[in-house]
2 protein chains.
Amino acid sequence: MDFDLEAFLPYRLNRAAECVSLRFAAEYRGRYDMTRPEWRTLAALGAKGRMTATEIGAHSAMHKTKVSRAVRALEERRWLRRQVDEADRRIEHLELTAAGRRIHAEMVVLARRYEEELATLLGDGIRALEAGLSAVETAMIGRRPA
Amino acid sequence: MDFDLEAFLPYRLNRAAECVSLRFAAEYRGRYDMTRPEWRTLAALGAKGRMTATEIGAHSAMHKTKVSRAVRALEERRWLRRQVDEADRRIEHLELTAAGRRIHAEMVVLARRYEEELATLLGDGIRALEAGLSAVETAMIGRRPA
DNA sequence: AATGGATGGTTACGCCTGCAACCATCCGGA
DNA sequence: TCCGGATGGTTGCAGGCGTAACCATCCATT
């Protein structure tokens with residue numbers, strides 16, 4: 001009976017993630033009209049240079065349909081180019097165009113600025129949060145719901 | 001350029017929340033075919049006994065349309081009853097029916113079990129996580145995206 | 001008593017999502 | 001060579017979501 005939703009970990013995690021994430025999403029949505037999957041795809045490609053859709057999905061923990069649609073959206077803006085693999089024609093190698101790399105560079109600046117903002121907002125708590133997230137990552141990520 | 005999405009706090013928070021939350025949602029979805037807003041509404045009413053939709057929204061950080069839909073769904077299952085306020089007929093007081101309280105009791109058991117599972121999975125990390133979440137809550141919750 | 005603004009709650013619309021089914025291609029074994 | 005299963009990727013569909021517009025009701029002011 002005396003169960004407090006306020007104290008339930010999944011609930012708290014969700015709310016915190018929502019809040020932290022939306023605050024940043026508001027920045028790039030307003031500027032570039034991008035969705036989160038698009039931003040993540042851009043970030044992954046910007047960092048690694050050349051990946052397949054499957055690799056992006058694995059790296060970013062996104063469902064493959066999400067990746068597929070994000071890739072199409074980025075391609076339509078000419079921020080991304082596809083290249084069919086010569087040896088295995090199912091595979092598409094993805095890479096950013098010059099315009100895509102330019103946008104990526106701008107977004108990295110935004111991201112870094114937001115990281116600093118978070119650091120000052122959270123103070124020492126940020127270290128605890130990072131430690132806790134590491135614990136979740138090693139214990140649970142990848143594990144399918146029982 | 002060398003920006004690693006893997007290390008970006010909003011991203012990590014989201015992934016952890018998704019993982020922790022989905023794992024539990026799978027339990028009650030499978031058993032009761034409930035959505036998260038419905039579960040949260042049930043939990044809030046089970047704990048407080050009698051609330052209005054607006055109060056539930058404020059308490060659980062849910063958009064009022066979410067609450068509205070969850071209330072209707074729970075009402076259709078006869079787990080919840082509405083009662084129009086005599087003095088102010090805009091207000092609807094909500095409370096669980098006997099059946100609703102029964103389900104709530106079952107779900108509290110599930111939630112507690114999951115809390116224990118998390119505690120063993122995360123080990124000491126759970127304390128760090130809770131501290132980090134507290135920091136986020138005091139620093140950011142309620143604050144609208146700039 | 002009348003009115004304009006505030007409040008509780010619902011709903012039409014369009015966007016995003018995951019599931020499942022699908023297409024094309026590859027590969028290993030008969 | 002042919003076939004069946006596996007893999008990369010796309011899409012139809014149904015459902016959840018937030019925005020904005022909406023209805024009903026209340027209340028303070030006049």
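Throughout, a chain's letter reflects where its sequence line sits, starting with A, and its residues are numbered from 1. Small disclaimer: the values here were computed from a predicted structure and weren't measured.
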Interatomic distance, Leu80(B) CG vs dG9(C) P [rounded to whole Å]: 12 Å
Contacts of Tyr32(A) that satisfy ring pair (Phe, Tyr, Trp, His ring centres under 6.0 Å) - sequence neighbours left out: none
Length of the line joining Asp33(A):CG and dC15(C):C1', which is rounded to integer Å: 11 Å
Residue set satisfying side-chain contact (heavy atoms from CB on, under 4.5 Å) with Ser21(A), at least two apart, ordered chain then number -> Arg36(A), Asn14(B)
Does this structure show an ion pair linking Arg113(B) with Glu117(B), if we count only N-O contacts that are shorter than 4.0 Å? no
Asp85(A) or Glu38(A), whichever maps to the more 5' nucleotide of DNA chain C: Glu38(A)
Base, sugar-phosphate, or nothing: which does Ala87(B) touch, judged by heavy atoms less than 4.0 Å apart? sugar-phosphate
Can you list every pair that meets ring-ring contact (aromatic ring centres under 6.0 Å, His included) and has a residue in residues 108-128 of chain A, with sequence neighbours left out? Phe24(A)-Tyr114(A)
Arg36(A) CZ to dC15(C) P: how many Å, rounded? 18 Å
Looking at residues at least two apart in the chain, or sitting in another chain, which of them share a side-chain contact (heavy atoms from CB on, under 4.5 Å) with Ala61(B)? Tyr11(A), Arg15(A)
Generate the contact string for nucleotides 2-11 of chain D. Rules: B means base contact, S means sugar-phosphate contact only, - means no protein heavy atom under 4.0 Å. ----BBSBBB
Salt bridge (charged side-chain N to carboxylate O under 4.0 Å, His left out) partners for Glu95(B), two or more places apart: Arg50(B), Arg81(B)
Just to confirm, is there a sub-4.0 Å distance from OP1 or OP2 of dG18(C) to any side-chain nitrogen or oxygen of Lys66(A)? yes
